[in-house]
S.K.: 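Once you've had a glance at the structure underneath, I'll fire off some questions.
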Amino acid sequence: MDTIMLNNGIEMPGLGFGVFQITDLKECEDSVLAAIRAGYRLIDTAACYGNEQAVGEAIRKSGVERSEMFLTSKVWIQDSGYEKTMRSFEKSLENLGTDYLDLYLIHMPYGDYYGSWRAMEELYESGRIKAIGVCNFEEDRLVDLILNHRVMPAVNQIELHPFCQQKKLRKVMEKYRIQAMAWAPFAEGRDGIFKEKGLTEIGNSYKKTPAQVIIKWLRQNGIITIPKSIHEERIRENSAIDDFELSEAEMAAIDGMDRGESLILKIRSLEEVYRLHDIRFVQ
Ligand code: NAP
């Protein structure tokens with residue numbers, strides 16, 4: 001699988017495997033093992049997913065060297081702030097059974113994320129994290145964070161799929177060479193995305209599924225993505241995208257599917273602020 005160079009010179013796989021909502025630990029371990037067998041080397045987890053240990057176990061069982069894997073985790077709102085982020089980071093390492101992270105992200109732009117960023121800058125500068133970044137930062141918060149700190153975020157992981165393309169935010173990110181990483185590339189299956197007419201027609205001409213067309217469209221746009229599945233055949237399907245190329249007209253047709261707003265996470269809504277602050281867990 002191809003790689004992308006981040007703004008700090010670190011090489012990151014362009015396609016990875018996400019484990020959000022795989023709460024059954026055996027299922028998570030099996031899915032990550034299937035992904036590694038299929039050739040994925042980037043695994044995206046988070047403290048709040050409750051499955052870091054299963055990810056670590058799968059990597060050990062796979063026999064693939066840690067140095068060949070690219071591990072991402074995230075600090076949750078309850079652990080925002082300098083001290084708590086330091087503790088949560090150590091716990092993530094312990095859970096994953098590793099002594100460094102490839103990428104560590106602030107999960108939500110809520111709480112004392114400035115304190116979190118200062119902790120992450122230190123961990124990055126000491127070499128315990130290869131790259132640091134954020135998730136779900138809209139352009140104003142992103143630029144404010146940049147203007148007040150030393151280390152430029154390498155990545156912004158955001159909701160990004162054909163129905164929500166984040167065009168304005170991506171322009172700002174390009175200016176600072178912040179890599180876009182798409183979560184929910186399939187919009188979590190919402191609004192009939194796997195049966196969408198335009199995606200199906202494009203796919204048919206290459207004997208590819210709408211899922212494969214979406215992943216290809218993201219990759220041709222230079223966007224890293226991390227589709228999730230608990231089914232081995234889909235895990236393989238989602239990575240079998242190297243034997244076709246979308247034309248300019250096909251890329252433009254998918255660009256035209258943008259609705260200009262999020263389907264899943266309304267980061268500025270008060271309901272979301274309350275809902276996400278209510279998510280608490282023992283790491
Ligand atoms: P997603 O990848 O867009 O969609 C996953 C859904 O699509 C699952 O229901 C899966 O079902 C189905 N699926 C996968 N491949 C398929 C295929 N080829 N054909 C038909 N159905 C298919 O959603 P996501 O898991 O929310 O996003 C991906 C990753 O992004 C997460 O796992 C997580 O790592 C990350 N994420 C980050 C944030 C953040 O705030 N930073 C938020 C959400 C997600 P099965 O599993 O049953 O196959």
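We count ligands from 1, going down the list as the structure has it; atoms in each ligand are counted the same way.
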S.K.: Under 3.5 Å between some N or O of ligand 1 and some N or O of M108?
M.R.: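 No, M108 has no N/O under 3.5 Å of an N/O on ligand 1.
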S.K.: Quick test: of every protein heavy atom, which one is nearest to atom 13 (N) of ligand 1, and how far off is it to 0.1 Å?
M.R.: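 Checked against all protein heavy atoms, atom 13 (N) of ligand 1 sits closest to F194 CZ, 3.8 Å.
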S.K.: Heavy atom under 4.0 Å from ligand 1: found in Q21's side chain, backbone, both, or neither?
M.R.: neither
S.K.: A cation-pi test, strictly: NZ or CZ of R128 under 6.0 Å from the centre of the six-membered ring of Y104 and no more than 45 degrees from its axis. Yes or no?
M.R.: no
S.K.: Look at atom 2 (O) of ligand 1 and say which protein heavy atom is nearest, naming residue and atom and giving the distance to 0.1 Å.
M.R.: K228 N, 3.1 Å
S.K.: At under 4.0 Å between heavy atoms, which part of T45 makes contact with ligand 1: side chain, backbone, both or neither?
M.R.: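 Looking at T45 and ligand 1, no heavy atom falls under 4.0 Å.
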S.K.: Looking at F70, I'd like to know if the NZ or CZ of R41 sits under 6.0 Å from its six-membered ring centre while staying within 45 degrees of the ring's axis.
M.R.: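 No, a cation-pi geometry is absent between R41 and F70.
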S.K.: What part of A184 sits under 4.0 Å from ligand 1 if we count only heavy atoms: the side chain, the backbone, both or neither?
M.R.: both
S.K.: I need the contact type for P185 against ligand 1. Using non-hydrogen atoms and a strict under-4.0 Å cut-off, is it side chain, backbone, both or neither?
M.R.: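 P185 to ligand 1: contacts from backbone and side chain alike.
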S.K.: So which heavy atom in the protein is nearest atom 45 (P) of ligand 1, and how far is it from that ligand atom?
M.R.: R234 NH1, 3.3 Å
S.K.: Determine the interplanar angle of the H107 and Y49 rings, folded into 0 to 90°, and report it as parallel if under 30°, tilted if 30 to 60°, perpendicular if over 60°.
M.R.: perpendicular
S.K.: List the closest protein heavy-atom neighbour of atom 4 (O) of ligand 1: residue, atom name, distance to the nearest 0.1 Å.
M.R.: E188 CA, 3.5 Å
S.K.: Tell me whether I267 is reachable from L270 by hopping between hydrophobic residues (I, L, V, M, F, W, Y) whose side-chain heavy atoms are closer than 4.5 Å.
M.R.: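 Result: no, two separate clusters.
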S.K.: For atom 48 (O) of ligand 1, grab the closest protein heavy atom and report residue, atom and distance to one decimal in Å.
M.R.: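 Here the nearest protein heavy atom works out to S229 OG, 2.6 Å.
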S.K.: Under a heavy-atom criterion of less than 4.0 Å, does Y49 contact ligand 1?
M.R.: yes
S.K.: Counting each atom of ligand 1 from 1 as listed, which ones have a heavy atom of D44 under 4.0 Å away?
M.R.: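 The list of qualifying atoms is 33 (C), 34 (O), 35 (C).
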S.K.: Name the closest protein heavy atom to atom 3 (O) of ligand 1, giving the residue it belongs to and the distance to 0.1 Å.
M.R.: F186 N, 2.8 Å
S.K.: Can you tell me which portion of A187 lies within the under-4.0 Å heavy-atom range of ligand 1? Options are side chain, backbone, both, or neither.
M.R.: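 A187 to ligand 1: backbone contact only, side chain stays beyond 4.0 Å.
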S.K.: Testing the basics here: between I279 and Q78, what is the closest heavy-atom pair and its distance to 0.1 Å?
M.R.: O-OE1, 4.3 Å
S.K.: Closest non-hydrogen protein atom to atom 43 (C) of ligand 1, residue and atom name please, with distance?
M.R.: W183 CE3, 3.2 Å
S.K.: What is the ring orientation for W76 with F281, classed by angle as parallel under 30°, tilted 30 to 60°, or perpendicular over 60°?
M.R.: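 Tilted.
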S.K.: What protein heavy atom sits nearest atom 40 (O) of ligand 1, and how far off is it?
M.R.: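 For atom 40 (O) of ligand 1, the nearest protein heavy atom comes out as N136 ND2, 2.9 Å.
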S.K.: For L169, does its backbone N or O pair with a side-chain atom of Q166 as donor and acceptor, under 3.5 Å?
M.R.: no
S.K.: Please work out, at 4.0 Å between heavy atoms, whether the side chain, the backbone, both, or neither of N238 comes within that distance of ligand 1.
M.R.: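 Looking at N238 and ligand 1, just side chain atoms fall under 4.0 Å.
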